[in-house]
Amino acid sequence: MAQNKCSAEVTVCSPMGLHGRPASLLVQQASKYRSKISLCRPEDPENPADCRSILSLLVLAATQGTKLILSAEGEDAPQAIAALSELFAQNFNE
C-alpha cells in the first residue's frame with residue numbers, strides 16, 4: 001500500500017501556549033494512528049517533535065500565536081492530520 005504524506009499549518013491559540021494538557025491530548029490522539037506524526041516550527045523543519053512524546057512536544061516551547069507544521073506519513077496520514085488539526089482549531093477544548 002502506498003504511503004501517504006500530509007501536512008497542515010496549525011496555530012497555538014491558548015494564552016498558555018502548548019502546555020501539558022494540550023500536549024497530552026495530542027499524544028493521546030496521535031497514538032490512535034499508525035502514521036508517523038510530527039510537529040515542527042516552519043523555520044526549523046529539521047527538528048520535528050514526535051507527536052507521541054509529550055516531552056518532545058513541550059520542548060517546542062510553542063507560545064500563543066505560534067504557527068506550526070503538523071505532518072504525517074503513513075496509511076492513515078490524512079485522517080491523522082484532520083483529527084489533530086481539529087484539536088488545534090478547537091483550542092483543545094480549553
Side-chain angles (χ1 to χ4, degrees):
M1 178 176 277
Q3 293 290 301
N4 291 319
K5 285 186 180 181
C6 297
S7 64
E9 184 179 85
V10 294
T11 303
V12 178
C13 295
S14 170
M16 296 187 342
L18 186 59
H19 58 95
R21 196 184 76 73
S24 175
L25 288 173
L26 268 175
V27 169
Q28 288 172 25
Q29 192 70 28
S31 296
K32 295 178 182 178
Y33 298 95
R34 291 186 179 154
S35 294
K36 181 177 190 243
I37 308 167
S38 62
L39 201 55
C40 71
R41 291 177 178 268
E43 68 274 12
D44 193 14
E46 300 303 312
N47 290 305
D50 180 354
C51 285
R52 289 189 178 89
S53 165
I54 193 165
L55 185 57
S56 184
L57 291 171
L58 293 175
V59 167
L60 283 172
T63 57
Q64 183 179 28
T66 301
K67 293 192 182 312
L68 300 168
I69 304 297
L70 179 62
S71 302
E73 184 175 351
E75 62 190 52
D76 55 4
Q79 297 89 340
I81 291 296
L84 273 67
S85 293
E86 188 63 22
L87 281 177
F88 278 93
Q90 293 176 352
N91 196 23
F92 298 91
N93 298 317
E94 288 193 333

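Worth saying up front: this structure is predicted, and the values here are computed from it rather than measured.
In this structure, I37 and A72 approach most closely via the heavy-atom pair CG1-CB, 4.1 Å. Heavy atoms only, all atoms of each residue included: L58 and H19 are closest at CD2-C, 3.7 Å. Annotation for S14 and E94: closest pair OG-OE1, 2.9 Å, computed over non-hydrogen atoms. Taking each heavy atom of L57 and L18 in turn, the nearest pair found is O-CD2, 4.2 Å. When all heavy atoms are compared, the tightest approach of V12 to F88 is CG2-CE2, 4.1 Å.
Looking at heavy atoms from C-beta onward, T66 lies out of side-chain contact with T11 at the 4.5 angstrom threshold. By the 4.5 Å heavy-atom criterion applied to side chains, R21 and M16 are not counted as neighbours. The shortest side-chain heavy-atom distance between L84 and L26 falls under the 4.5 Å cut-off. Residues D50 and S38 have side chains not in contact (no heavy-atom distance under 4.5 Å, counting atoms from C-beta outward).
Of the possible donor and acceptor atoms, none in the side chain of S85 sits under 3.5 Å from a partner among the backbone N and O of A82. A distance-only check finds a donor-acceptor pair linking the side chain of R52 to the backbone of A30 [under 3.5 Å]. With hydrogens and angles disregarded, no donor-acceptor distance shorter than 3.5 Å links the side chain of R34 to the backbone of G74. Within the 3.5 Å criterion, the main-chain N or O of G20 finds no donor-acceptor partner in the side chain of S24. The closest donor-acceptor contact from the side chain of S35 to the backbone of A77 lies under 3.5 Å. Under the 3.5 Å distance criterion, the side-chain polar atoms of Q64 are matched with a main-chain donor or acceptor of C13.
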**OP:** Applying side chain to side chain contact (heavy atoms under 4.5 Å, CB included), run through S71 and K5 and close with a yes or a no.
**Re:** CA-CA 7 Å; S71 302; K5 285 186 180 181; over 6 Å; no
**OP:** Evaluate the side chain to side chain contact (heavy atoms under 4.5 Å, CB included) criterion for residues K67 and V10: first the C-alpha distance (whole Å), next the side-chain angles of each, then the deciding distance (0.1 Å), finally the verdict.
**Re:** CA-CA 6 Å; K67 293 192 182 312; V10 294; over 6 Å; no
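Taken to the nearest 0.5 Å, the CG atom of D76 stands 8.5 Å off from the CG atom of N4. Taken to the nearest 0.5 Å, the CG atom of L25 stands 10.5 Å off from the CD atom of Q90. For the atom pair CG (L39) and SG (C51), the distance works out to 5.0 Å, reported to the nearest 0.5 Å.
Atom CD of E46 has 12 or fewer neighbouring heavy atoms from other residues, nucleotides or ligands inside a 6.0 Å radius.
For the side-chain contact (heavy atoms from CB on, under 4.5 Å) with C40, the lone residue among I69, L70, L68 that qualifies is I69.
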